[in-house]
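One structure below.
All ligand and atom numbering here is 1-based and tracks the order in the structure.
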Amino acid sequence: MSTKTARAYPNIALVKYWGKRDEALMLPAAGSLSLTLDEFATTTIVRVDDTVAEDQFVLNGAPQSGDSLGRVTRFLDLVRSMAGSSAPAAVDSINEAPTGAGLASSASGFAALAVAAAAAYGLDLDRAALSRLARRGSGSAARSLVDGLSVWHAGDGDETSFAEPVTGPDMRMIIVTVDSRQKAISSRTAMRLTALTSPFYQGWVESTEASLAAMLEACRDNDFSRVGRITESHALRMHAVIQSSDPPVRYLSPTSIAIFDEVVALRDAGVEAYSTADAGPNVAVITRPDDAERVATALEQYGEVRIVSAGPGATLIDTPAKAAE
Ligand code: PMV
């Protein structure tokens, strides 16, 4: 029996991932770039246990079944095939972010699971290999292996599609939680729908590679304004391509749009802030560190506001004494 614990944080993309070119290997249609956060952690304990009949998965104290357990079991199957093991595992996970509301809880979830499960099954993987492994659970999880700014390369195939660190401007992110309920349609399903039905999909994929190249240059130049402009325009392009699916999918709510407008008004008043949003109505706004309080105050009227900074990539931590018994 072997028990390992890992902690991982979500990441919010500044250049978004939306669409796969290989669903089985979870290879993205284009590269992306994100900021790993220092809040909303997932802590996951994996106990490899020959004495249990099958995998178990408990999330925030609730035993899981159906799709939720299925995704974890399929991921553990991959780890077992790499480790040459057939032993089941008990997975116990605490997620501090609201699940499924576009705060990328699947990213922290699969990053923590990848690190804990690899160690519990005795695999000795470097960061790039852990990022590739996490990618198989949820694409965006590949980026949560990395501290702070992280670029996930589309790659030529499984071996080359992983995330690595990027240096760029220091920033804060203001997360505005508009609605913490589970989203109506998962990113996995909606991505597939967009790729199959949007007449703009090809343009989206090609322009994302161009946005990523521009973003990497802006990061290299430490140019916060350019990073911000690319972030906001790229987020709106993603939501545009999602809305152009058939049937259409819309994640942004009227309140989300009001926040985007408020951020434009802040810029007009001389405060540099830029918005983005994932597959849900919540909005993340980037600012320079000194402007964070002022922007957060302006956004309080729209929902619960949290100021977050760059956080660490997924790592092993000590197993809590109670769980180790
Ligand atoms: O990896 P998934 O299935 O959680 O998809 C993430 C998709 C977005 O959050 C909308 C964009 C991104 O790059 O994180």
Which donor-acceptor pairs under 3.5 Å do the side chains of residues 283-300 make with protein atoms, sequence neighbours left out?
{"from": "Arg288", "atom 1": "NH1", "to": "Glu272", "atom 2": "OE1", "distance (Å)": "2.7"}
{"from": "Thr297", "atom 1": "OG1", "to": "Glu293", "atom 2": "O", "distance (Å)": "2.8"}

For this session: Indicate yes or no for a side-chain donor-acceptor contact from His239 to the backbone of Ala277 under 3.5 Å, with no hydrogens or angles considered.
Result: yes
Exercise. So does Arg226 pair up with Glu217, basic N to acidic O under 4.0 Å?
Worked result: yes
For this session: Find all atoms of ligand 1 within a distance of less than 4.0 Å from any non-hydrogen atom belonging to Trp18, and give their numbers and elements.
Result: 10 (C)
For this session: For ligand 1, find out whether one of its N or O atoms is nearer than 3.5 Å to an N or O atom of Tyr17.
Result: yes
Problem set entry | Contact (N/O only, under 3.5 Å) between Lys16 and ligand 1 | no
For this session: Would you name the heavy atoms of Cys219 and Val166 that are closest together and state the gap between them?
Result: CB-CG1, 3.9 Å
Exercise. Would you say Arg143 and ligand 1 have an N/O pair spaced under 3.5 Å apart?
Worked result: yes
For this session: Check each of Met26, Met191, Arg188 against atom 5 (O) of ligand 1 and report the one with the nearest heavy atom.
Result: Met191
For this session: Would you mind running through ligand 1 and noting each atom that sits below 4.0 Å from a heavy atom of Ala279?
Result: 10 (C)
Problem set entry | N-O pairing of Arg192 and Glu23 below 4.0 Å | yes
For this session: With heavy atoms of Gly139 as the reference, note each atom of ligand 1 found under 4.0 Å away.
Result: 1 (O)
Seminar exercise, completed: Ser106 heavy atoms within 4.0 Å reach ligand 1 at atoms 4 (O)
Problem set entry | Short N-O contact, Arg267 and Glu232, less than 4.0 angstrom | yes
For this session: Considering the heavy atoms of Ser138, write down every atom of ligand 1 situated less than 4.0 Å from one of them.
Result: 1 (O), 2 (P), 3 (O), 4 (O)
Exercise. Does an N or O anywhere in Ser32 fall below 3.5 Å from an N or O of ligand 1?
Worked result: no
Exercise. How would you list, by chain and number, every residue that makes a side-chain hydrogen bond (donor to acceptor under 3.5 Å, both in side chains) with Tyr17, sequence neighbours excluded?
Worked result: Lys20
Exercise. Among Ser140, Pro10, Gly19, which one has a heavy atom closest to atom 6 (C) of ligand 1?
Worked result: Ser140
Exercise. Taking NZ, NE, NH1 and NH2 as the nitrogens, is one of them in Asp126 or Arg132 under 4.0 Å from a carboxylate oxygen of the other?
Worked result: no
